[in-house]
Amino acid sequence: MRVLQIVKIIILAAWAAFFGWLVTFGQQQLGRLLHPSLWWLVGAATVVLILFLAVNLCRQLPAAQQGDGWLKWPALLILLVPLLYFIPAQSSRFGAETLAKRGIQTTAGFIPQAVNSEAEESDDKGYPPPLPARKANTDTPLTRLSMEPQNYEGKEVEIVCQTFVDERLPADLFMCYRYLISCCAADALPVFVFVKYPEARSIKSDQWIRAKGAFSRIENAQIMVPSIQTEKVEYIDEPPFPYLF
Amino acid sequence: MIQLPRYQPAPAPEEPRSSEIIAFGLEYAFLACVTLFFLQGMTPAWGNLLGELSINFLAIIVEALPFMLIGSLAGGLIEVFIPVDLVDRLFRRRRTMAVFLAGGMGLIFPVCECAIVPVVRRLLGKGVPFSAAITFLLAGPIVNGIVAASTAIAYRYDWNYVFVRLGMGYAIAVFIGLFLGFFFHRGNGLLPAWKAAPTCGCGHEHGSSGQPLFLRLRHALEHAGDDFFDVGRYLIVGAFIAALMRSTIDMNTFLSLKDSPWLAIVLMMAMAVLLNLCSEADAFIAASFRGLMPDAAMMAFMVLGPMLDIKLILMYFSVFRKRVILALIGTVLTTVLLAMLALHSFFPILH
């Protein structure tokens, strides 16, 4: 068996092992890369790679049909590049820098772009008067708050999200965001709410928090955006699946 | 005991061609760049960029590579199980009709752009005419049920967007297929390995049903495995460039020029080429610009992306000659731009 064929077998085995690990023991890492509804793809790819590996193990190519070995080495090594970059990917996170690039900003502030909030069509303007809290929802998804704000108006909600403190905002306001993915992390878009909190400036950016408070909508950049008013912010560990799906 | 024929790749040329040496140089340069960038990323100043790029890169690969593997497998099965005379009856005898048929084939065989190239390679190897193959290549990742569903969801079941996207994708692909068919054919458009229809050069007739099923499946897997090694590297280089773009380009850059419709269309086309998003996900990105960009600009993003992006252009090098790729890029860009300007000016259905 020639060296190049052995290298091909190693590449196939490495990818089969990587994909197999992702769908079994590495689901937390897979959750940071791919929407759960597409995990079957990784499982299917594992099966295909194992089949390719099996036929390559049984295959015997005459030397003349393998071509110039030195010309093929870079092409084969390129197939291993993603596995190298998986090392930093494991400990990396999308943070405030990503938010600044992926969130559409105007001079007046951010526009919530990941969901087409019907709040844009609302005729509510300005800060609504504080409403009495009615009923608590445990860890209300930010997508629901953005898409159906009218259902939560005045209710007490609990959110889990990452912080972003922007100096352009009033001193008692910070943003709390999570990323919504449609297929994979490359298409992740931020969804956020504003948090009205007296000590907003003491909050550090890129921290996971849990906050509970009355939900309302405020005007930002001439559109209505979701917000909560709270007296208490609790720092927490990153959730096992940080994205919204 | 009967000696069964076994699949063997065509013998490699004794002397490397100049194109192979150039490819070697480019691949070596890519490897050097990604290694240097990886090492540079270990320093605090570059750490954030390396982290973001790594997530984007791995995410694209983990999503796209399975599609490419499934596409390779489908290509291998086509190679072994689709008889040449069937392809001849369906496509080669009715060339113009074949183009219109190929434009809608994605409705029956839904494939995304990562899977389409290995499938098209094998279809060409089976003798599918050049113009029909180009049409399927361009239309397949748009004109299919999965893309229709994702577009409908992204645009909150506003079916105008769905019908216009699929309709424009079909019309543009058919037009380009017919147009390029005037200038190119299998003989002057394809790399040597794919133009010698109807056999793959492996020394036996795959369409024959005389061989045992196990052996035919094994041949299919060997073909498919070879496709993975041939096309996979283009996907990885393209995904890396896409991840780099995704990690560095600020979405706000595009907003500053939104007031001019034609400029907005050009910018969204540029973004479609640079971001390399999957055709099943790009509608969600496009929809995020609703109200901020003209509808024709969003449509340009959704129609062009599945036809032409960096990773696709690189993957085209595994099947087409350079002159075809240049003509394809020019024709696709021009046609999409003109179609979207016409959409903006004459069909304000989306406004």
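Computed from heavy atoms alone, side chains included, the values below leave out hydrogens, waters and symmetry copies. Just so you know, these numbers come straight off a predicted model, no measurement behind them. The sequence lines fix the lettering, A, B, ..., with proteins before strands; numbering per chain opens at 1.
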Side chain, backbone, both or neither: which part of [X] has an atom under 4.5 Å from a heavy atom of chain A?
| X | answer |
| --- | --- |
| B:Leu26 | neither |
| B:Leu53 | side chain |
| B:Ile236 | side chain |
| B:Leu31 | side chain |
| B:Phe30 | side chain |
| B:Tyr234 | neither |
| B:Ile70 | side chain |

Which atom names give the shortest non-hydrogen contact between [X] and [Y], and what distance separates them?
| X | Y | value |
| --- | --- | --- |
| B:Glu63 | A:Leu41 | O-CD1, 4.2 Å |
| A:Arg32 | B:Ile55 | O-CG2, 4.2 Å |
| B:Leu58 | A:Pro82 | CD2-O, 3.4 Å |
| A:Leu22 | B:Val62 | CD1-CG2, 4.1 Å |
| A:Ser92 | B:Gly51 | OG-CA, 3.0 Å |

_Taking atom CD as the centre, does A:Glu97 end up with more than 12 heavy-atom neighbours from other residues, nucleotides or ligands that are less than 6.0 angstrom away?_
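Result for CD/A:Glu97: open.
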_Using a 6.0 Å cut-off, check whether atom CH2 of A:Trp39 has over 12 heavy atoms from anything other than its own residue._
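More than 12 heavy atoms, drawn from other residues, nucleotides or ligands, come within 6.0 Å of this atom.
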Heavy-atom contact with chain B under 4.5 Å, split by part of [X]:
| X | result |
| --- | --- |
| A:Leu84 | both |
| A:Ala54 | neither |
| A:Leu76 | side chain |
| A:Val81 | both |

Pick from [options] with the largest number of heavy-atom pairs that fall under 4.5 Å of chain A:
| options | value |
| --- | --- |
| B:Val34, B:Ile60, B:Leu73 | B:Val34 |
| B:Glu52, B:Arg233, B:Met68 | B:Glu52 |
| B:Ala59, B:Gly225, B:Ala243, B:Ser72 | B:Ala59 |

*Select, from A:Ile181, A:Leu34, A:Leu53, the one with the greatest count of heavy-atom pairs under 4.5 Å involving chain B.*
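Looking at each option in turn, the highest pair count goes to A:Leu34.
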*Highest number of heavy-atom pairs under 4.5 Å with chain B: which of A:Gly43, A:Ala185, A:Ala45, A:Ala75?*
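Top count of heavy-atom pairs under 4.5 Å with chain B: A:Ala75.
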Can you find a heavy atom in the side chain of [X] that is under 4.5 Å from one in the side chain of [Y]?
| X | Y | answer |
| --- | --- | --- |
| A:Ile78 | B:Glu27 | yes |
| A:Phe52 | B:Asp227 | no |
| B:Tyr28 | A:Leu77 | no |

*Distance (rounded to the nearest 0.5 Å) between A:Asn56 CG and B:Phe228 CZ*: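 Those atoms lie 10.0 Å apart.
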*Interatomic distance, A:Phe18 atom CZ to B:Leu65 atom CG [nearest 0.5 angstrom]*: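 Here the rounded value is 10.0 Å.
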*What orientation do B:Phe37 and A:Tyr85 show, parallel under 30°, tilted 30 to 60°, or perpendicular over 60°?*
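It falls in the parallel class, under 30°.
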